[in-house]
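Basis for what follows: all heavy atoms, side chains included, without hydrogens, waters or symmetry-related copies.
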Number of protein chains: 2
Amino acid sequence: MKVLNKETDYAVRSLISLGMKPEGWVSAKVISEEQSIPYQFLRRILQELIRNGLVLSKEGAGGGVKLGKEPDEIGVTDVIEIFQGKVQVSECMFRKKICSNRANCVLRHEIMRIERLVNQEFSKVTIGKLIADLKAVESMRSQQTKQPD
Amino acid sequence: MKVLNKETDYAVRSLISLGMKPEGWVSAKVISEEQSIPYQFLRRILQELIRNGLVLSKEGAGGGVKLGKEPDEIGVTDVIEIFQGKVQVSECMFRKKICSNRANCVLRHEIMRIERLVNQEFSKVTIGKLIADLKAVESMRSQQTKQPD
DNA sequence: TTAACTGATACTAAATTGGTATCAGAAAAA
DNA sequence: TTTTTCTGATACCAATTTAGTATCAGTTAA
Ligand code: FES
Ligand code: FES
């Protein structure tokens, strides 16, 4: 069971990529090459991110995209919601015979508790946090390579 | 984003159904009608549950299936794993360029933490617990209906 | 005026999902 | 002993989703 699909995956990676760039517009082509994401696929993904305000765009030569929000304000949940819809465990797991009153159904509460939990955890993981973690790893790694093995 | 698919959904409902039956073998036909699950589809699902030891079966007239374990020993995770594979957030979210050392990758840790969490939460929800909750709801409901509104 | 961009959208192959159909064999019951 | 009720195994199917491609139009900078 794969929770994140390619669109979400590529989107998050693009956002990280953009968040690590100093300033100015970055073209889809550059991101595509940098992250080995199929160009046309990426284009479509970026357009979706643009429509949802996560990134801004500028047309024409010298144009491209850049983050539309602070890295810390973009949670993985936001991206998931755009490409995969709201996380929901099950439409309604025990309908009909078994579960007659949806309103105050204990089972449903159980399910929805997990849903909330998953959402919470995913929103904690922001693009900003991912970038910070990444940089930490990078510096650790460069420290390591100074020591020959 | 639907976390549980029909197979898992139907499987859990069948298991609950079996767990609430007193004793003896229950035929697929009965479960199918009781839970409004397409018969042939259910057959395939039950066979999978049988292969995985969650339910036992007996061939021939008067045969059928019954739980192969205590209701409390069957977690929803077990069912998910059978029909949808192990919960994994993403194969490896930041490969290639971005993430060069998988071994001690902080991001990967982050992702895997969520994976563990989701798994934990789902294993807490056992068939036994679901049945107990259901019975609680049922009795609450019958209490309510004694009071006219 | 041309090259480097995005906007919009149509198309496709392959995989997955949800469901159906069939045939064989076991056991109980008639 | 034949028929009925059941599971075992497996092949098939249509619809949807996923991942990716292709095209054309319009914008901006050089
Ligand atoms: S689970 Fe759907 S109403 Fe109880
Ligand atoms: S996320 Fe895959 S190695 Fe870091």
Indicate whether OP1 or OP2 belonging to D:dT18 is found under 4.0 Å from a side-chain N or O atom of A:Lys2.
no

If you check every side-chain atom of B:Gln47, which of C:dT6, D:dA9, C:dA27 has the closest atom?
D:dA9

Once you round it to whole Å, what is the distance between C1' of C:dA15 and CG of A:Asn5?
14 Å

Would you mind reading off the distance between A:Ile45 atom CD1 and D:dT21 atom P, rounded to a whole angstrom?
11 Å

In this structure, how many angstroms lie between the C1' atom of D:dG20 and the CD1 atom of A:Ile37, rounded?
13 Å

When the distance from CH2 of A:Trp25 to P of D:dT27 is rounded to whole Å, what number comes out?
17 Å

Consider the side chain of B:Gln40, meaning its heavy atoms from C-beta on, and name the nucleotide among C:dT6, C:dT22, C:dA27 that approaches it most closely.
C:dT22

Of all the heavy-atom pairs spanning B:Ala28 and B:Leu46, show the shortest one and how long it is.
CB-CD1, 3.7 Å

Has B:Ser57 got a side-chain N or O lying under 4.0 Å from the OP1 or OP2 atom of D:dG8?
yes

Reported OG1-to-CD distance for the pair A:Thr8 and A:Glu81, which is rounded to 0.5 angstrom:
11.0 Å

Report yes or no: does A:Ser14 contribute a side-chain atom to a donor-acceptor pair with the main-chain N or O of A:Tyr10 at less than 3.5 Å?
yes

Measure NZ/B:Lys6 against P/C:dG19 and give the value in whole Å, please.
6 Å

Report yes if at least one side-chain N or O of B:Tyr10 is closer than 4.0 Å to OP1 or OP2 of C:dG19; otherwise report no.
yes

Measuring from atom CZ of B:Arg113 to atom NZ of A:Lys124, what distance do you get when rounded to the nearest 0.5 angstrom?
5.5 Å

Give the rounded distance in Å between these two atoms: CZ of A:Arg51 and C1' of C:dT6.
11 Å

Nearest whole angstrom, please: distance from the P of D:dT7 to the CG of B:Leu42.
9 Å

Identify which nucleotide among C:dA27, C:dC5, C:dA26 has an atom closest to any side-chain atom of B:Ala61, counting heavy atoms from C-beta outward.
C:dA27

Under 3.5 Å: donor-acceptor pair, side chain of B:Asn5, backbone of B:Glu7
yes

B:Ile50 side-chain proximity, nearest of C:dG7, D:dG8, C:dA28
D:dG8

Between C:dT20, D:dA29, D:dA19, spot the one nearest the side chain of A:Lys58, thanks.
D:dA29

5' priority, DNA chain C, between B:Gln84 and B:Tyr39 [closest heavy atom]
B:Gln84

Base D:dT21 to side chain A:Arg44, donor-acceptor N/O within 3.5 Å cut-off:
yes

Counting side-chain heavy atoms from C-beta on, which of D:dT27, C:dT20, D:dT7 comes nearest to A:Glu59?
D:dT27

5'-most by nearest nucleotide on DNA chain C - B:Gly63 or B:Phe83
B:Phe83

